[in-house]
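One structure below.
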Amino acid sequence: MAPEPPSKPVSAVWKGKAKATEADFDDLNPVITYRHLHSRNLGVKDPLRVVALCDSDAFYAACEQVRLGIDPLLPLVVQQWDSLIAVNYPARKFGITRMEKIKEARKKCPELVVVHVATYREGEKEPGYWENPDTLTHKVSLDHYRRESMKIIKIFQEGLPTGEIEKASIDEAFIDFTRPVRDEILHRYPHLAQVPPDAPNGADSPLPPPPLILWDGLGTVIPVNPLSSGSSTDKLDLGTQDSDPASGDGVIDDDDELTTWHDVALSIAAELMGKMREDIRTKLGYTTSAGIARNKFLAKLTASYKKPNNQSILRNAAIPNYLRPMPFQKIRFLGGKLGKALAQEYDVSTVGDLLAISLDEMQRKFGENSVWVWEILRGIDRSEVKEKSAVNKSMCASKNLPQPITKASQGHHWIRVLAAELALRLNEARESNSGLWPKTIVLHVRQGYETARSKQAAFPFTRQVTVDLIASAGDKLWKELVGTGDARTRPMNINNVALSFAGVGTMEAGQQGIEGFFTTRTLPDELQRSAREGGVKRKIDSLNDPAEGPRANIGIGDDGGYSNALAGISTSFLCERCGKRVNLPDSLSDAGIGDEVRIEALEALRVEHDDFHLAQQLAKQLASNGSPQAIRAFDRPVQKKAKKQRAPEGIAKFLVRK
Ligand code: TTP
Ligand code: CA
Ligand code: CA
C-alpha cells in the first residue's frame, strides 16, 4: 500500500523545531519528592531509575588472549575459517576490521596473533583448538565464550545482590541499579529518611537541593551543551570509536545548579558499575565499556559513546542535545523498515527532525502504537530490566555446509558432530541445575535458498544424556525429514543442518515463571506493556513488504551487523493462537547472524509471545471473575512427582486449561 501524502508540508512544521524542544523533553526533569525516594515499587516510572548496559571489549578476542596468556597490547584476531570474527583494539590500530579476510589482515599487520576459534570434529566429545580445522568436516564451538560470559554475569549478580541483571547477548548485560542506589542514597544522606515536620506538602514535598557531585574518576560525563563545552562535534554522534583519554573524563561543562537527585543516583551507580568493571578486569582479565542512564535504550546508546575500557554517563539534562543530532536510523529499533518509512514519510533524518512530528500525526500515519516511537525519540523507554527466565530456553547447534549434502547417508556425520555440542552444553548446564532437561529435540534442514524445514520429537528425561542418545534421536528425525533415498529418487542439496533442544527447563523453574505473573503487584502494567509491545510488533508487520518476507524492527536483539552470508533459517513464526506472524528484529534477521543465535532467538521470541497471550488470558479471567480467584488455582505448587516425569504440557496450555 502506497503511503498517503502528508496532509501538510511537513518541512514547514519541523523547521520550527526550536520552539518544540523544551516541552518535548519535559519528562526529563521531574520533581523528586520524599514519597518518590521512600517508595520501593515505582518500577519503570521511578524518577530515580538508573540502568546500565555493560559490554565486553572485543569479546572473543579477549577470551582467546586471556586463555593463552598473551600480552593484551599485542594485536590479536579470532579467525573462523578464512574470515575474522573478532579483532582486538591493538589490531584495530592497524586498520583491521571484522569485514576482512585473514590474508588481508596479515598483510596490514605481519605480527598479528591469529587464533582460530575452537571446533568440534566427529568422534570428539569436546571441542578443541586443532591444527588446520576444516569447514568441510568441523564445526565451530562458542562454548568457551559462553562460559566466560557466564562468569561475567556472576560477577554482576554477586556484586549487586539487590540489582536486577538481564543478560542481553553473549557479551553484554543490562543492570538495573535503582534499588541499590536508593539504599545507598538513604545510607549516605540519612536526613532524607524522614519527611521534615515543616515540609509544606508532607511526603509530597520536593527533596532538599542535592549535594555537589564530584564526577572525577566516575567516567565520561556526556556534556549538556556539547558545542559550548569545547569538545569536538564527533561527540554528537552515536559514539566516538577512538577513545580520547583527555576527552571529558570527570569533567562537567554546565553549571551545577542543574544538578538533580537523579544525577546523584547516576553518580552512585557509576561508582558501583566502576567497581564491578574493575572486578571483571582483575578477576577475569576482560575490559568492558558501560553506559549509565535513566533507561535501557539510553544505557545501550551511551555504552558505545567511548570505547574501550570506559564508562559513560548520560545525565537527563544531556539527553536532548545528545539525541537531537543523531540520525534516527542509527537507533537500533529504527534501523529497519520502520525507520525507512519514517524517513520517507517526513523527509527527515535526525531525531531532532522527528521531534516536530506530533503524536497525533504519527499515530494517524503509523497507528496508535507508534506512541512507543514518539517516546523513544524523547528519551523515554519503559521496558524493564528483567532476568530472562531459565524456562523454555533452547540450545542450538548448527552447521552451514560449504559442500552440500547430496545423499541422505551423509547426514550421520553432521548429526554426530552437532549432538556432541548439544551433549556438552546440556551437561554443563546440568552442573548447576541437575533437573534440567529438554522437552523437545528439533532437526532443521535447509536446501538451497529455501527456508529451513524442521521436524521435532519429544526428548526423554534421562540422567545420562550422551552424544549417542542425542545422535540416535537426531538420526531418527533425519530419516523422517530427509528420507533414506539418494539423489536418484529425490534431488538433495542440503546446505545447513541444525539440531536443537527446545523447552529446556525444570518444573520448579516453570513454576517460578508462572508465579511471576500472579504475585507481582504491577500486573496491570505488565499487561499493558505486553499488549503495547505485541501491538507494536503487529503494527510493524503491516509495514513489511510481503514480497520480501516479513521482518520486524523491534524486540530482542543485539548489535546486528554480523558479517557472514545471509542464512535461510526462518526469521519469523506463525502463532497458532492469534494467527499473527511474529518476526525477529532486523538486527537478528537481516545480516547473516549465526543460525544458532537466530534459532535460539526465535525460540525466545516464541516464549515471549506465549507470555503475551498468557497475560491476556489472565487479564480476561481477572475481568470475568472480578477476583484473582482463578489465578490462585495456578499458584498451587505442582506436585513433586510431576517433575520426575515428563512435563505434561507447555506452560501456556497448563494455564489455558484453568
Ligand atoms: P560485539 O560486542 O559486537 O563486538 P566485540 O565485542 O568484538 O567488539 P566491541 O569492543 O566493539 O564491542 O560482539 C561480541 C562478540 O560476538 C564478538 O567478539 C564476536 C561475536 N560476533 C561475531 O561472531 N560476528 C559478528 O559479526 C559480531 C558483530 C560479533
Ligand atoms: Ca563487545
Ligand atoms: Ca555486544
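The model shown is predicted, which means the values in this text are computed figures rather than measured ones. Every number for a ligand or one of its atoms is a count from 1 in the order of the listing.
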> Is there a heavy atom of P308 sitting under 4.0 angstrom from any atom of ligand 1?
Replying inline: no
> Would you call M99 a ligand 1 contact, heavy-atom distance under 4.0 Å?
Replying inline: no
[X], portion touching ligand 1 at heavy-atom distance under 4.0 Å:
X    : value
A61  : neither
V87  : neither
D171 : side chain
Y89  : side chain

>> If the test is ring-ring contact (aromatic ring centres under 6.0 Å, His included), which one of Y129, Y60, W130, W81 qualifies with H116?
In response: W81
>> Need one value: angle at the Ca ion (ligand 3), D171 atom OD1 versus D55 atom OD2, rounded to 10 degrees.
In response: 90°
> Among R416, R146, K399, whose salt bridge (Lys or Arg N to Asp or Glu O under 4.0 Å) with E421 holds?
Replying inline: R146
> Counting backbone and side chain alike, does S56 bring an N/O/S atom below 3.0 Å of the Ca ion (ligand 2)?
Replying inline: yes
> Can an N, O or S atom be found in E172 less than 3.0 Å away from the Ca ion (ligand 2)?
Replying inline: no
> Is there any N or O on E172 that sits under 3.5 Å from an N or O of ligand 1?
Replying inline: no
>> Tell me whether A86 has any N or O atom under 3.5 angstrom from an N or O of ligand 1.
In response: no
> Could E166 and K296 be called an ion pair, given the rule that one side-chain N must be under 4.0 Å from one carboxylate O?
Replying inline: yes
Going by atom types alone, do [X] and [Y] pair a side-chain donor with an acceptor below 3.5 Å?
X    : Y    : answer
N433 : R430 : no
E64  : Y145 : yes
H413 : E122 : yes
S289 : D55  : no
N309 : T288 : no

> So, for N496 and S398, which heavy atoms are closest and what is the spacing to 0.1 Å?
Replying inline: ND2-OG, 3.2 Å
> Are the side chains of S149 and K167 in touch, meaning some heavy atoms are under 4.5 Å apart?
Replying inline: yes
Which of the atoms in ligand 1, numbered in the order shown and given with their element, are less than 4.0 Å from a heavy-atom of [X]?
X   : answer
A58 : 5 (P), 6 (O), 7 (O), 8 (O), 9 (P), 10 (O)
R92 : 8 (O), 9 (P), 10 (O), 11 (O)
F59 : 5 (P), 6 (O), 7 (O), 18 (O)

> Which one of R98, K307, E64 has a non-hydrogen atom at the shortest distance from atom 29 (C) of ligand 1?
Replying inline: R98
